[in-house]
Amino acid sequence: MQDRYDFKSIEKKWQDIWKDEEAFKTEEDYSKEKFYVLEMYPYPSGNLHMGHVRNYSIGDVISRFKKMSGFNVLHPMGWDSFGLPAENAAIKHGAHPVEWTNNNINEMKKQLDSLGISYDWEREVSACDPDYYKWTQWIFIQFFKNGLAYKKDNPVNWCPDCQTVLANEQVVEGCCERCDTPVIKKYLSQWYLKITDYADQLLDNLDRLDGWPEKVKAMQKNWIGKSEGVDVKFPIDGEDKDLIVYTTRPDTLFGVTYMVLAPEHPYVTEFTKGTKYESAVNAYIEECSHKSELERTSLTKDKTGEFIGKYAVNPVNGDKIPIYISDYVMLDYGTGAIMAVPAHDQRDFEFAKEFDLEILPVVAVEGVDVDHLTEAASAEGIMINSGKYTGMNNKDAIIAISDDLEAKGFAHKTINYKLRDWLISRQRYWGTPIPMVYCEDCGWVPEKDENLPVLLPTDVQFTGKGTSPLATSKSFRNCPCPKCGKPAEREIDTMDTFLDSSWYFLRYTDAKNDNSAFDTKKVNYWMNVDQYIGGVEHAILHLMYSRFFQMFLNDINLCDYDEPFRNLLTQGMVTKGYYDSKNNYTVAKMSKSLGNVVSPAEIQNKYGADTARLFILFTAPPEKELEWSDAGVEGSYRFLNRVYRLVMEYIKNIRGEKRNLDKIEIVNSADRHLNYMINATIKKVTEDAGGRFNFNTAVASIMELVNEMYRYMQNEEINTPLFNKAIEILLTVLNPFTPHITEELWQMLGHKDRLYASKWPEYDTKALIKDEVEVIIQINGKLKDKITLPNNTEKEVAEKAAKELKKIQAALSDKEIIKTIFVPNRIINFVVK
RNA sequence: GCCGGAGUGGCGGAAUUGGUAGACGCCGAGGACUUAAAAUCCUCUGAGAAGAGAUUCUCGUACCGGUUCGAGUCCGGUCUUCGGUACCA
């Protein structure tokens, strides 16, 4: 017998068989309960990394487990195949993005199959496939027709390196999320989707998503950033205009000592034109416009600004207060103007100190000397210096002051969101063309349905510079207006690739439909996604955009659900330790630049796919970070060899005889214990792999069963129906984790059927009841001794038996028992003094 | 600052409802097999103390306190750490 099992031939053999048998093909069966398990589709970079392996191993265990449990399982895979790397490769190597992308897809597909992941490849989707992006375009047009897509001239985030605009969500700390280049503001006319119309629904529905991690929900909540306050009207002295500001603290209105406008606010040039303030103000605006987003939002920098020569009138007391401009006020939040209360807002406090403006406290905060502030007092307190509101609790004053001002027409309650509309135009080639046409007479008109898809032209030049590559196509731009037929021009920008990924999970339910994006009956059968699995880096971007799409498609009656993903599992990163430049041991996400990458192919060559899967699932719970350990991989490999040898030993043992498959007989305590372990393992794996997704503890319990079987084998006859059952259960419950080796051993036992198609075992609750149980004996809650008693021994009997134990007698000799706590089959606790 | 997690052996991690803390695995030590090594199998493996030894005692889940017969688990406070987010008015 070989020392180590031959994973290379076994894994290849079974992957070929599954393919031939169409083992994982899924069809609609409306009579059967469905389960839709989905892993986030990857960008086809051409190479699988360990993060992918983890993601897909988790999904595959769930998928295989649910299939064996009797569900009609949908487990598809596809490609997020539009995007910059393909285009950059085209610029660099001259290959067309479509070739580069499709080569990568073929390569990655092979790698996925070599891991034994059970995908139904007949439902494969690829974002860059015209049969797919036709419907992305069609959905965009539905947004347009419903007034949710619009083109607008706006200051936008521009990445000078990627040569394209970015959505707010793609700007991380003032830099491009892709290349880390500081983002600059540009004025451009761009397409937007009105996600802000769904702000409340996106927020409110979060409460219903109880299968989502708190963390992700909190991140989305913060991002939407709902705040309730009031818009207050400040008349401007000497002008026939009012200044509207948004505040959440109307209780501090008596403490307003100046006003601030964003430098870009339209009033600024209007009020300063031709005045002595004009040159200084314009210089300041000019200075701000050169600052990057990063510089401007930096908290550490000193406050700057300019007085614009005008005064506003405070509606609560008629005070005249100076108006400044400063870049600490943002044009795109609230009204782009604020009332400044230096005593109670830290930013205003800093500005007031810099410009020597009055700091007037209006809320007495406990424990703070408000007349000698060293920083703003933003906590709650009692109103002071506030006319008739003085003495009130500031929380009550918020309501009283806003109500009074509202009655006088100076205020109204408002809600503000941080969420902005989604800028979806990209000045790049490799994306879905925006299917819009500009006609001088008709304005922006969507392409006719029958002309979809608007195909990406092939006669373009990739320079990576200047305007959208589509502008260089001779064939693309000119077209007739879909409405009036006159010569018109196509939009030359493409869509953000996040649109492609905002509905791909719907397309899987009906991937080959030529007549619509998906069939309503099919989509309603399969949706929602019962279990979605992916990295937490998509907590806001992809997961919020997809929810938005789903809500919209629900509103236009294309499907019955307003949330796409019922349960979400955010897997942790795969990390590995390395020695940095100062020779310190550091653990970090695997990355080429750090040199701490372990490639899946390398591990598969050395140990096989089953070992790679097992190690990843066993080493850490799925949502936690997983630190790669070569020794740990060895351990997983060792375990699989142990399983292999165990089954070979059993087969060897029955050679020449018939396998004893009679009725199971439990003849001794060893049998009873093995039978207990068999059933306990089924129970544990069913609960851990099927419900809690704690695959690590599920695997641990299978390991315990194997250990027990080795012990049993040393002393007992193993050609018995009971041991045969142990072997078969072992292979069955291990199958979702390591499908190749278990399928092979199953066949070697003589089975003609397949393990992947077999039924998940049920456990016998009677076998889990032990005849005898170990009861612990405590004195004052501390463990003193243990006693073995018949199951369900009564309190009196147990207590008597416990008191007869020598240790307990000794411990109780000079004590008085006040009370005895008895938990059946568990604990006797003597409370003594 | 605000929001959300997490702190358990040498390491990854168990303990699902308040009931034997440390399952399972890694590392390590010892033994068996072997000419030898690898592989495999068996035993031990939280810390400290006492004992020749079987064994016994004490401490121990970031820290301080509380509730309880009993707390890794519940409550109050503190610290550390990770992730997200922020001149958002």
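Numbered from 1 within each chain, the chains take letters A, B, ... in sequence-line order.
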The salt bridge (Lys or Arg N to Asp or Glu O under 4.0 Å) partners of A/Glu214 (sequence neighbours excluded) come to A/Lys217
Taking the minimum atom-to-atom distance to the side chain of A/Glu214, which one of B/U58, B/G5, B/C87 wins? B/G5
Test of understanding: with ring-ring contact (aromatic ring centres under 6.0 Å, His included), list the residues that count as partners of A/Trp628, not counting sequence neighbours. A/Phe615
Is A/Arg347 close enough to B/C88 that one of its side-chain N or O atoms is under 4.0 Å from OP1 or OP2 there? yes
Taken in chain and number order and not counting sequence neighbours, the residues that satisfy side-chain contact (heavy atoms from CB on, under 4.5 Å) with A/Ser378 are none
Sequence-distant partners of A/Thr793, side-chain contact (heavy atoms from CB on, under 4.5 Å), two or more places apart: A/Leu789, A/Pro790, A/Val797, A/Ala798
Please write out each protein N/O paired with an N/O of nucleotides 45-50 of chain B under 3.5 Å, distance rounded to 0.1 Å.
none

Name the nucleic acid region contacted by A/Gln714, choosing base, sugar-phosphate or nothing; use a 4.0 angstrom heavy-atom cut-off, strictly under. sugar-phosphate
Do A/Lys221 and B/C3 share a donor-acceptor pair, side chain to base, under 3.5 Å? no
Taking OP1 and OP2 of B/C41, is either one under 4.0 Å from a side-chain nitrogen or oxygen of A/Arg642? yes
Just label B/G76 as syn or anti from its O4'-C1'-N9-C4 or O4'-C1'-N1-C2 angle, using within 90° of 0 for syn. anti
So what does A/Pro213 hit on the nucleic acid, given a heavy-atom distance under 4.0 Å: a base, only sugar-phosphate, or nothing? nothing
Does A/Phe355 have any ring-ring contact (aromatic ring centres under 6.0 Å, His included) partners at least two apart in sequence or in another chain, and if so, which? A/Tyr324, A/Phe351
Scan A/Asn707 against the nucleic acid and name what it touches under 4.0 Å (heavy atoms): base, sugar-phosphate only, or nothing. sugar-phosphate
Does A/Asp180 have any side-chain contact (heavy atoms from CB on, under 4.5 Å) partners at least two apart in sequence or in another chain, and if so, which? A/Cys175
Heavy atoms under 4.0 Å, any strand shown: does A/Lys418 hit a base, just sugar-phosphate, or nothing? base
In chain order, what residues pass the side-chain hydrogen bond (donor to acceptor under 3.5 Å, both in side chains) check against A/Thr335, with sequence neighbours excluded? none
Using a heavy-atom cut-off of 4.0 Å across all strands, would you classify A/Ala700 as base, sugar-phosphate, or nothing? base
Using Watson-Crick and G-U wobble pairs whose two distances are both under 3.5 Å, how do you write the pairing of RNA chain B as dot-bracket, with | for links to another strand? (((((((..(((......[....))).(((((.......))))).(((((....)))))..(((((..]....))))))))))))....
Closest approach to the side chain of A/Asn696, judged atom by atom: which nucleotide of B/A89, B/A14, B/G4 is it? B/A14
All N/O contacts under 3.5 Å from nucleotides 26-29 of chain B to the protein, with atom names and distances to one decimal?
from  : atom 1 : to       : atom 2 : distance (Å)
B/C26 : OP1    : A/Arg638 : NE     : 3.1
B/C26 : OP1    : A/Arg638 : NH2    : 2.6
B/C27 : OP2    : A/Arg638 : NH2    : 3.3

Tell me the interatomic distance from A/Leu783, atom CG, to B/U20, atom C1', rounded to whole angstroms. 5 Å
What N/O pairs connect the protein and nucleotides 8-12 of chain B at under 3.5 Å? Give each pair on its own line.
from  : atom 1 : to       : atom 2 : distance (Å)
B/G12 : O2'    : A/Thr619 : O      : 2.8

Would you tabulate the pairs of protein nitrogen or oxygen atoms and nucleotide nitrogen or oxygen atoms of nucleotides 68-70 of chain B closer than 3.5 angstrom?
from  : atom 1 : to       : atom 2 : distance (Å)
B/C69 : OP1    : A/Lys819 : NZ     : 3.4
B/C69 : O2'    : A/Asn829 : ND2    : 3.4
B/C69 : O2     : A/Asn829 : ND2    : 2.3

